[in-house]
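What follows is one structure encoded as structure tokens, with my remarks underneath.
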Amino acid sequence: MTPKGVSQLTKPEGMLTWRDLEIGSIVVEPGNASQYQTGDWRSERPIFDTNKCIKCGICYIFCPEGCVEQNAEGYFEADLFYCKGCGICARECWTKAITMVPEEE
Amino acid sequence: MEKYAVFVPKLVTKRENFAPGHRACIGCGEALAVRLACKPLGQRVIIVTATGCIEIISSQLPYTSWRVPWIHTLFENTAAVASGIESGLKILMKKGRIAQQEIKVVAMAGDGATSDIGLQALSGAMERGHDFLYICFDNEAYMNTGVQRSSATPFGASTTTSPAGRVSIGQVTWKKDMPAIAAAHDIPYVATACPSYPFDLMDKVAKGAATPGPAYVHILSPCPTGWRFAPDLTVRLGRLAVETGIFPLYEVENGTYRLNFDFPKLRPVTDYMKLQGRFRHLSEDVINKIQQRVNREYAKLREKVK
């Protein structure tokens with residue numbers, strides 16, 4: 001599973017070894033933290049109800065990860081590769097279109 | 001688009017200069033504030049970051065969350081490094097080594113790096129009048145090392161170095177009024193902001209970056225780990241801090257005060273405090289004392305606005 005729109009210069013975390021480090025510990029690719037999966041920290045996942053969604057974008061603006069994106073239909077959804085499940089979007093959603101459900105194996 | 005005040009979240013620029021995949025705690029108010037602050041700054045910027053949560057979460061080797069030029073400095077010299085970069089760019093452009101262009105220099109630091117350790121460097125840089133923006137992300141303690149008190153910790157808060165118990169009520173000194181210290185330097189722009197008011201925050205950062213000369217923006221960043229509250233309450237707590245008058249949002253432009261959100265009646269401070277574990281031990285009379293202090297400070301601020 002690799003995230004969308006990320007260049008592949010840096011390897012994902014599991015494939016990195018010390019041999020991949022540049023001399024002098026220089027990081028050559030800007031923003032390569034987007035290779036790092038924070039989604040596995042999650043204990044609750046947000047479920048977006050498209051019937052209630054008014055496409056306002058309040059979930060997008062208040063997401064500390066910046067992982068909520070607008071899809072082709074204009075609805076907002078969280079990229080679960082990064083979503084840490086904080087629940088701010090569910091708390092702030094005006095129409096209560098987002099609910100948090102426990103993550104199960 | 002720039003001529004109008006935009007209050008539509010989906011029209012805000014989609015480009016994230018603070019990349020996802022950073023290691024902030026779940027529900028971090030500071031990560032949210034950095035992400036929002038990076039939106040109006042754009043690409044032509046050099047960011048200087050002090051040691052602290054922002055540095056720890058954004059730059060763990062071999063990854064970096066920054067999609068803009070970024071340099072890490074120590075606690076005590078953030079403003080000094082920023083002023084050095086600004087002067088260096090100025091002289092390189094004057095000598096014609098690099099093309100004439102507008103590059104903003106932005107320093108970002110936590111409350112410890114601003115009001116405790118880096119205060120002298122900041123004061124010097126503001127006094128010399130360098131053209132830079134200093135953003136303080138105030139989470140009211142040294143959070144990345146495990147919640148030690150700083151001079152920005154509010155009265156009565158329990159931290160690991162000011163623990164509450166039978167003898168002590170926690171922090172026994174009042175929060176240092178850092179925006180007032182910055183305003184006392186008579187710099188062109190001082191503002192306070194909070195990520196719970198995202199458009200206000202982005203406006204203030206854009207205004208601070210556009211101001212010639214030093215600008216200072218103080219951002220309250222609720223911290224679920226250190227303040228001990230549920231991670232989904234981050235934005236609500238920021239809003240409560242403003243609505244109770246504990247952290248009023250105002251700006252000082254060339255000595256003129258302006259209150260951005262004025263409420264005819266402030267909410268009681270208990271609304272803000274009862275949600276946080278760090279204030280759980282406080283008795284009725286200590287809360288009354290805090291309430292009186294908040295009322296007095298807010299009245300003082302209203303006097304300045306007039």
Side-chain angles (χ1 to χ4, degrees), chain A residues 3-6 9-13 16-18 20-22 25-39 41-44 46 54-70 74 76 78-79 81-92 98 100, chain B residues 6-36 38-39 43 57-70 72 195-199 201-202 221-224 230-239:
Chain A
K4 290 168 274 179
V6 179
L9 263 176
T10 311
K11 292 178 190 168
E13 194 207 3
L16 269 176
T17 64
W18 63 271
D20 296 308
L21 294 181
E22 295 282 323
S25 299
I26 298 165
V27 182
V28 289
E29 188 192 7
N32 62 0
S34 49
Q35 284 283 12
Y36 185 76
Q37 182 176 9
T38 51
W41 301 12
R42 190 173 56 237
S43 61
E44 284 184 320
I54 55 170
K55 305 180 184 177
C56 65
I58 203 81
C59 47
Y60 157 73
I61 202 87
F62 279 141
C63 178
E65 311 310 315
C67 72
V68 178
E69 285 163 357
Q70 208 165 7
F76 286 86
D79 187 345
F81 189 83
Y82 303 117
C83 177
K84 293 172 187 165
C86 63
I88 293 177
C89 49
R91 173 72 66 175
E92 296 302 320
I98 307 171
M100 301 300 288
Chain B
V6 181
F7 297 102
V8 187
K10 62 183 173 189
L11 293 184
V12 171
T13 170
K14 290 283 192 295
R15 197 192 151 83
E16 304 286 352
N17 287 331
F18 189 65
H22 57 74
R23 266 87 146 181
C25 302
I26 297 169
C28 178
E30 188 160 310
L32 174 58
V34 173
R35 174 181 163 242
L36 291 174
C38 282
K39 282 182 182 288
Q43 295 264 269
I57 64 175
S58 68
S59 65
Q60 287 192 341
L61 194 74
Y63 295 111
T64 177
S65 275
W66 299 95
R67 289 179 177 152
V68 289
W70 175 84
H72 163 235
S196 307
Y197 296 82
F199 299 103
L201 187 147
M202 287 188 276
S221 331
C223 172
D232 58 337
L233 294 173
T234 304
V235 172
R236 171 174 287 194
L237 267 168
R239 203 175 288 134

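Below, chain A is the first sequence line, B the second, and so on; all start at residue 1. This one's a predicted model, so the numbers in the text were calculated from it and none came from an experiment.
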Subject >> A/Thr38 (side chain) donor-acceptor with B/Gly21 (main chain) under 3.5 angstrom >> reply: no
Subject >> Presence of salt bridge, B/Glu16 and B/Arg67, under 4.0 angstrom >> reply: no
**OP:** Go through the atoms of A/Cys56 and report whether side chain, backbone, both or neither lie under 4.5 Å from a heavy atom of chain B.
**Re:** backbone
**OP:** Please look at A/Leu16 and chain B and tell me whether the side chain, the backbone, both or neither of the residue comes under 4.5 angstrom of a heavy atom of that chain.
**Re:** side chain
**OP:** Name the region of A/Ile58, side chain, backbone, both or neither, that has any atom closer than 4.5 Å to a heavy atom of chain B.
**Re:** both
Original post:
For the candidates B/Thr64, B/Ile26, B/Thr234, which exhibits the highest count of non-hydrogen atom pairs separated by less than 4.5 Å from chain A?
Top reply: B/Thr64
Subject >> Engaged part of A/Glu65 at the chain B interface, taking heavy atoms whose separation is under 4.5 Å >> reply: both
Subject >> Heavy-atom pairs under 4.5 Å with chain A, option from B/Gly27, B/Pro231, B/Pro20 with the top count >> reply: B/Pro20
Original post:
Among B/Ala24, B/Cys28, B/Pro195, who wins on heavy-atom pairs under 4.5 Å with chain A?
Top reply: B/Ala24
Original post:
With distance as the sole test, does A/Lys55 use its side chain to make a donor-acceptor pair with the main-chain N or O of A/Gln70 at under 3.5 Å?
Top reply: no
**OP:** Would you mind telling me which of A/Cys86, A/Gly57, A/Gly87 has the largest number of heavy-atom pairs within less than 4.5 Å of chain B?
**Re:** A/Cys86
Subject >> Leading residue by heavy atom contact count with chain A [cutoff under 4.5 Å; candidates B/Arg23, B/Arg236, B/Lys14] >> reply: B/Arg23
Subject >> Closest-packed option against chain B by number of heavy-atom pairs under 4.5 Å, given A/Pro30, A/Gly85, A/Gly66 >> reply: A/Gly66
Original post:
So how far is it from A/Ile88 CD1 to A/Cys59 SG, rounded to the nearest 0.5 Å?
Top reply: 12.0 Å
Original post:
Does a side chain donor of either B/Ser59 or B/Trp66 reach within less than 3.5 Å of an acceptor in the other side chain?
Top reply: no
Subject >> Region of B/Pro62 in contact with chain A, defined by heavy-atom distances below 4.5 Å >> reply: both
**OP:** Compare every heavy atom of A/Tyr60 with every heavy atom of A/Val68, then report the nearest pair and how far apart it is.
**Re:** O-CD1, 3.3 Å
Original post:
Nearest 0.5 Å, what's the CZ-CG distance between B/Arg239 and B/Leu237?
Top reply: 10.5 Å
**OP:** Kindly assign one of parallel, tilted or perpendicular to the pair B/Tyr63 and A/Tyr36, based on the angle between their ring planes and the thresholds 30° and 60°.
**Re:** tilted
